[in-house]
Amino acid sequence: MDSTRPSRSRRRFLSHGAAAYAAATLSPKTVAQTGAASGENPPLKLGFDNFSVRAMGWKAEELIDYAAKLKVDALLLSDLDVYRSHDSGYLATLRQRAADAGVELHAGTGGICPSSVRFDRKWGSAEEHLQLTLRVAAGLGSPAARCYLGFQDDRYSEGGIRARIADTVKVCQAVRSQALDSGVRIAVENHAGDMQAWELKLLIEEAGLDFVGATVDSGNAAWTLEDPLRNLEVLGPYIACAGIRDSMIWENEEGVHVQWTAMGEGLIDLAAYARRFAGFAPEVPFILEIISGFAKPFPIHDSSFWNGYPEARAADLAGFLALAKKGTPIPPFRAPGGTDRAQAERDYQRAELEKSLLFCRETLGLGRRA
């Protein structure tokens, strides 16, 4: 074989990357007019992230069986601890198990920025961590490898979020050849208050549109003081994976609170969100990552808060504050008195996910299996 010729998976991936680049250069209006959002296409595939039911402590096999029971189209296994092994043979058995159940598998991991304040060396260096994730994703047949930079704390680290973006770009570029050869797209998430949409867009473009895309997270958009719909407009052309949930946002004396909720229990226009998502990425599953039951405060009236946002954009903040004015406080989850707290948490997480899936099917018309 001519070693200078790209492998079949590499050629296929380069073709996909070129298409992604073309989409990324179009305006959101143009993308929506390509026909992807028309009634001619099937509904979005519907799935969930295993973090939605983290309290269950399930491994991949149990999660696949649960996904089959719920009749979802896709399952995102978003951490490397969920597997009993990372051997290729074991991954192949999971891939077959999911195929037999009619469930599309997607793979992911945690933070890959070596200078993040919470970077975990459990899986080796940042490059080794991402290489392992790409290998696992390829073994499962996942088209994307979800990962993230870090957390809100990184906005206040030395050099700020710009420095952390630069370090993450280097890690991605170090594994470019493996990503292209495997046909797996690195899907960086806007995660836990780390990057706003325009910052993640910058990371993707600097790393390389031919092998890097976005994991769009609607809840995390609210944690970076963005209207999730506005966040989607920026990241839509780059979508490779997703983590979707609703949010309630309300004002308080110090600033605002954000509480993630089950789908349909917050104030995000989810019908509009799903339509725009379908316009950008009609074949990427609408993956739910339901994390609810607690509120996070953002003391935006404290001037020191803005030290982490030296390049904040007034238009983005205005959209977020407009949502906050519409919101109302909601109570956090508390285990009923006299009950086992761990069991109550497990029951709560399953109920939040299952009613969210029902909302997506009955109200938003999503899902291809049920």
Item checked: From CA spacing to verdict: side chain to side chain contact (heavy atoms under 4.5 Å, CB included), L288, V72 -> CA-CA 11 Å; L288 303 187; V72 295; over 6 Å; no
Next item on the list: Hey, can you tell me if W260 and W223 have their rings parallel, tilted or perpendicular (30° and 60° cut-offs)?
Entry: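 W260 vs W223 ring planes: parallel.
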Under 3.5 Å, which donor-acceptor pairs do the side chains of residues 141-150 form with other protein atoms, sequence neighbours left out?
unit_1	atom_1	unit_2	atom_2	d
S142	OG	A107	N	3.1
S142	OG	A144	N	3.3
S142	OG	A144	O	2.6
R146	NE	E189	OE1	2.9
R146	NH1	S78	O	3.2
R146	NH1	T109	O	2.6
R146	NH2	E189	OE1	3.2

Non-hydrogen atoms of [X] and [Y] that approach each other most closely:
X: A179; Y: F211; answer: CB-CD1, 3.9 Å
X: R185; Y: V212; answer: NH2-O, 3.3 Å
X: Y90; Y: A60; answer: OH-CB, 4.2 Å

When you compare the side chains of [X] and [Y], does any donor N or O come within less than 3.5 Å of an acceptor on the partner?
X: Q349; Y: E345; value: yes
X: Q196; Y: Y309; value: no
X: R346; Y: Q343; value: yes

Next item on the list: Starting at NZ of K325, measure out to CG of L267 and round the result to the nearest 0.5 Å.
Entry: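 K325 NZ to L267 CG: 13.5 Å, rounded to 0.5 Å.
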Next item on the list: Any chance you could measure S88, atom OG, to R95, atom CZ, to the nearest 0.5 Å?
Entry: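 With rounding to 0.5 Å, OG (S88) is 11.5 Å from CZ (R95).
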Note to self: List the residues meeting side-chain contact (heavy atoms from CB on, under 4.5 Å) with A344, not counting sequence neighbours, and say none if there are none.
What the structure shows: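 side-chain contact (heavy atoms from CB on, under 4.5 Å) check on A344 returns F333, A335, P336, T339.
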Next item on the list: Output every pair passing ring pair (Phe, Tyr, Trp, His ring centres under 6.0 Å) with a member in residues 53-72, not counting sequence neighbours, ordered by first then second residue.
Entry: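 Found F48-Y66, W58-Y66.
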